[in-house]
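Chain A is the first sequence line, chain B the second, and so forth, proteins listed ahead of strands; every chain is numbered from 1.
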2 protein chains.
Amino acid sequence: MKNSKHITTFEEHLTRQYGQIGSEKRTEFESKAKSFVIGELLKEERLEANLTQEELADKIGAKKSYISRVENGKTDIQISTLFRLFEFGLGKRINIIIE
Amino acid sequence: MKNSKHITTFEEHLTRQYGQIGSEKRTEFESKAKSFVIGELLKEERLEANLTQEELADKIGAKKSYISRVENGKTDIQISTLFRLFEFGLGKRINIIIE
DNA sequence: GAAATTGTTCCACAATTAGTTAACTTTGTA
DNA sequence: TACAAAGTTAACTAATTGTGGAACAATTTC
């Protein structure tokens with residue numbers, strides 16, 4: 001799995017983001033943590049591709065303000081948006097693996 | 001990658017679903033094709049777990065009608081819903097890999 | 001075949017994302 | 001410092017997901 005970034009389970013996201021937290025606190029952080037990590041990856045990949053938010057936005061027919069919101073985890077995104085951003089916008093390949 | 005199901009790129013979804021199709025026709029099928037494949041996986045995993053749609057729905061606090069719609073690709077879903085269904089509902093592990 | 005279980009579809013409504021504009025902030029640079 | 005470029009945020013609208021119930025269809029079981 002060299003040269004690929006990945007998002008794994010809740011547990012790892014949450015630990016990475018918030019440290020060890022109790023299960024009561026878990027749920028309220030979950031969706032935010034996830035979308036935030038996806039935003040982080042998007043930002044990394046975008047910068048590696050040497051694109052500004054506005055350039056990426058243009059590629060997929062969006063506005064830079066929307067890209068910013070996604071990168072900062074301000075919104076949950078739909079599966080189709082995930083593919084649109086990474087595959088269509090950045091030419092990356094997305095695998096969703098269930099095991 | 002034994003014992004794991006996975007969703008790969010557009011190309012594969014679309015070919016699997018619709019056969020070879022021109023790039024003009026592509027976009028209109030893309031999101032539908034994707035959510036459909038995710039629905040297929042959900043159904044497979046649910047059956048392997050020996051759950052009815054209603055039982056799965058109960059686990060994640062939804063209704064069976066919604067599970068049905070997802071499994072049949074009638075709706076795009078959000079990232080958080082993906083995790084909720086597979087991890088919370090079925091105890092599976094989801095990896096989203098970008099390469 | 002009848003009954004029960006499971007799955008699908010439809011309609012309505014609530015909640016949230018997606019899309020847009022504009023103002024503001026931060027960063028980089030001459 | 002001043003200017004330009006890049007990024008962030010707020011507010012609003014439109015479109016879509018998510019939720020719920022009920023009726024219907026399909027499948028399984030007796």
Original post:
Are B/I60 and B/I67 close enough that some pair of their side-chain heavy atoms sits under 4.5 Å apart?
Top reply: yes

Original post:
What's the CG-P distance between A/L82 and C/dA18, to the nearest Å?
Top reply: 10 Å

**OP:** Please report, rounded to the nearest Å, how far the C1' atom of C/dG19 is from the CZ atom of A/R69.
**Re:** 8 Å

Original post:
Taking NZ from B/K74 and C1' from C/dC11, how many angstroms apart are they, rounded to a whole number?
Top reply: 15 Å

**OP:** Determine: side-chain N/O of B/T81 to OP1/OP2 of D/dT17, distance under 4.0 Å, yes or no.
**Re:** no

Original post:
On a plain distance test, is the side chain of A/S65 in donor-acceptor contact with the base of C/dT21 below 3.5 Å?
Top reply: yes

Original post:
Over how many whole Å does the gap from B/I79 atom CD1 to D/dT17 atom C1' extend?
Top reply: 13 Å

Original post:
Rounded to whole angstroms, how far apart are CG on B/L47 and P on C/dT6?
Top reply: 12 Å

Original post:
When you match B/S68 and B/Q78 each to their closest nucleotide on DNA chain C, which lands nearer the 5' end?
Top reply: B/S68

**OP:** Kindly indicate whether the side chain of B/E71, heavy atoms from C-beta on, has any atom under 4.5 Å from the side chain of B/R46.
**Re:** yes

**OP:** Answer whether the closest heavy-atom distance between the side chains of B/Y66 and B/L85 falls below 4.5 Å.
**Re:** no

**OP:** Applying salt bridge (charged side-chain N to carboxylate O under 4.0 Å, His left out), run through A/E45 and A/K92 and close with a yes or a no.
**Re:** CA-CA 9 Å; A/E45 296 287 354; A/K92 296 292 175 181; 3.4 Å; yes

Subject >> Contacts of type side chain to side chain contact (heavy atoms under 4.5 Å, CB included), residue A/S65, not counting sequence neighbours >> reply: A/K63

**OP:** Just compare C/dT9, D/dT19, C/dG7 and give me whichever is closest to any side-chain atom of B/Y66.
**Re:** D/dT19

Original post:
What does the inter-axis angle of the helix from C/dG1-D/dC30 to C/dA30-D/dT1 come out as, five pairs per end, nearest 10 degrees?
Top reply: 50°

Subject >> Phosphate contact (C/dG7 OP1 or OP2) by B/N72 side-chain N/O below 4.0 Å >> reply: no

**OP:** Decide yes or no, distance alone: a donor-acceptor N/O pair under 3.5 angstrom between the base of D/dT17 and the side-chain of B/R84.
**Re:** no

Original post:
Can you check whether B/I98 reaches A/L42 side chain to side chain, under 4.5 Å on heavy atoms?
Top reply: no

Original post:
Starting at CD1 of A/I38 and ending at C1' of C/dT17, how long is that distance when rounded to a whole Å?
Top reply: 14 Å

Subject >> A/K43 side chain near A/Q53 side chain, heavy-atom distance below 4.5 Å >> reply: no

Subject >> Flag side-chain contact, heavy atom, 4.5 Å: A/E99 against B/N95 >> reply: yes

Original post:
Are any of the side-chain heavy atoms of A/I97 and B/I97 separated by less than 4.5 Å?
Top reply: yes

**OP:** Mind calculating the distance between NZ (B/K43) and C1' (C/dG7) to the nearest angstrom?
**Re:** 8 Å

**OP:** For A/I67 and C/dT20, give me the distance from atom CD1 to atom C1', rounded to whole Å.
**Re:** 13 Å

Original post:
When you measure from every atom of DNA chain C, which of residues 49-64 of chain B have a heavy atom less than 4.0 Å away?
Top reply: B/T52, B/Q53, B/K64

